[in-house]
Amino acid sequence: MSGLIDDLLAGKHRALARVISNIEDRRPGYRELVSELHQHTGSADVIGVTGSPGSGKSTLVDKMAATYRERGLTVGIIAIDPSSPFTGGAILGDRIRMGSNIGDMDVFVRSMSARGSLGGLSTATTDAVKALDAFGKDKIIIETVGAGQNEIDIVKTADTVMVLVPPGSGDDVQMLKAGILEIGDIFVVNKADRKGANRTVQQLREMLEYNRGGIPESGGHHGAGAMEQVDGLQLEAETETDRWRAEIVETVAKTGEGVDELLDVLESHASHIERSGEREEHVRARYAEEIRTLVREDVNELLAEELTVRGGMDAYVEAVVERETDPYAVSDELIEPLAECVRTQRESREQQ
Amino acid sequence: MSADQEQRTIRCLVAKVGLDGHDRGAHVISRAFRDAGFEVIYSGLHRAPEEIVQATVQEDVDVLGISILSGAHDTLVPDIIEGLKSYDAFDDTLVLVGGIIPDDDEAELKELGVAEVFGPGASMEQMIAYVRENVPERE
């Protein structure tokens, strides 16, 4: 297995692809793989991209990758699509929109589906990011539909979070209230050549102001001239430098318009979090979350095994339905041996 | 730890290559594969062989299904297979071709390393069963 890691570190694309497969499939030995990878990570910038279906995420990510390549940087992309809850099957179509980097292996695109249980996807994504990081990618982009808590959790693991907002419908901006507004570092009004883009920028700006507890300025910005300022899209520069103020960028992903500016804003966010110490803080919070998730999943699996051995879920459910026991008692019963063991070990450690 | 549950899912790339705009079949097959519980990556139309190679390598698919109705299979398929070999990705990928392929060409393609050719009249059940039986073992 560690031969695979050697190949990955040596820059073999096939090895990188296989490592990610092992992570996704949770093949035996994948934990050791990820453990080994960990030593080699920590140098990539991770960018999370989310937005409603059809907002142009894949197209924009494709153009971002091409622009990064022009700047001499290497890129890894993880594109996540939903899978059928019934068959587990999925059609992963993000690659269709990614045609700017043909034959350029330094743009590594990997499609993943939301397979498995809750929490499983974010673990697999975090681990896949580690593989790309260890491989030496400068920029790693995670792209996912912002449709639920699961996706939001994934995107939150990124250093910088980009939220795409298509112009022309107030409802989309409304949707942002549900948690997404808070996580966005950069808001991208894509398809900015469409009617209603200005209005969407305006609505966004107002909502961001409210979100900060401020009162949006009325009047001035609504004028036709407001959009003509070159950097009129940046929110008013504040003198306080310790907090990032979410920026709004307009792009037309199809033609690549605004992508250069977007990358510059991403760069300034990256240097902001470096300077302010937020990156460090974020990294620590991320590892804490990773440990929590792993512990939860591992205990969960251990006890699921135990549950099967003790006659399976159905028997317990039957007993609960018959009022012979209740869910709390079942949980207590299952966890008792584990709790007992942990306690005994702790006590014996303390006595030493 | 042994408690880890392995979640093996068959991954397929359905690829349209070359100047061929007939994608109905590729769509139908993608849907059928999805409903069979496979993860399907669809390439989109008019892809170059090197693009298909790139996607196959990066996505680490078990199955590469190439759909060609343009008659250019004799040039496009060898290009793809050569590309896969250059990335050590040929041996453990099941390469299938679907479309209108004359018998003589079919023999040639199989000699090159194409596992099976599915022509008009092949049923979904048949293809799905074939994939399940022949998906390469990996460690």
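Only this structure's heavy atoms are used, side chains among them; waters, hydrogens and symmetry mates stay out. Every chain is numbered from 1 and lettered A, B, ... according to where its sequence line falls, protein lines coming before strand lines.
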Is any side-chain heavy atom of B:Val57 less than 4.5 Å from a side-chain heavy atom of A:Met105? yes
Do B:Glu51 and A:Arg95 have side chains that get closer than 4.5 Å, going by heavy atoms? no
A:Arg14 with B:Asp91: basic N within carboxylate O range, under 4.0 Å: no
Are there more than 12 heavy atoms of other residues, nucleotides or ligands under 6.0 Å from atom NZ of A:Lys254? no
What closest approach, in Å, do A:Arg110 and B:Asp60 show between heavy atoms, and which atom pair accounts for it? NH1-CB, 3.6 Å
Quick check: are there more than 12 heavy atoms from other residues, nucleotides or ligands sitting under 6.0 Å from CE of A:Met313? no
Do you know which of A:Val107, A:Ile91, A:Leu16, A:Asn101 has the most heavy-atom pairs under 4.5 Å to chain B? A:Ile91
I'd like to check A:Met112 versus B:Glu39 (side-chain heavy atoms, cut-off strictly below 4.5 Å). Are they in contact? no
Say you draw a straight line from OG of A:Ser111 to CG of B:Leu13; how long is it, rounded to the nearest 0.5 Å? 9.0 Å
Any salt bridge between B:Asp88 and A:Arg18, counting N to O under 4.0 Å? no
Segment of B:Ser43 engaging chain A (4.5 angstrom heavy-atom cut-off): backbone
Interchain contact, B:Phe38 with chain A, by part (heavy-atom threshold 4.5 Å): backbone
Contacting region of B:Arg47 [heavy-atom separation from chain A under 4.5 Å]: side chain
Determine the minimum heavy-atom distance between B:Thr9 and A:Asp25, stating which atoms define it. N-OD1, 3.8 Å
Inspect the surroundings of CD in B:Glu111 and state if more than 12 heavy atoms from other residues, nucleotides or ligands are less than 6.0 Å away. no
If you count every heavy atom of other residues, nucleotides or ligands that lies below 6.0 Å from B:Arg31 atom CZ, does the total exceed 12? no
Counting heavy-atom pairs under 4.5 Å to chain B, which of A:Gly93, A:Ala304, A:Gly89 comes out on top? A:Gly89
To the nearest 0.5 Å, atom NZ of B:Lys16 lies from atom CD1 of A:Ile96 at 13.0 Å
May I ask you to name which of B:Ala36, B:Ser30, B:Ala89, B:Gly83 has the most heavy-atom pairs under 4.5 Å with chain A? B:Ala89
So with a 6.0 Å cut-off around NE2 of B:His22, is the heavy-atom count from everything else above 12? no
Under 4.5 Å between any side-chain heavy atoms of B:Arg11 and A:Leu92, yes or no? yes
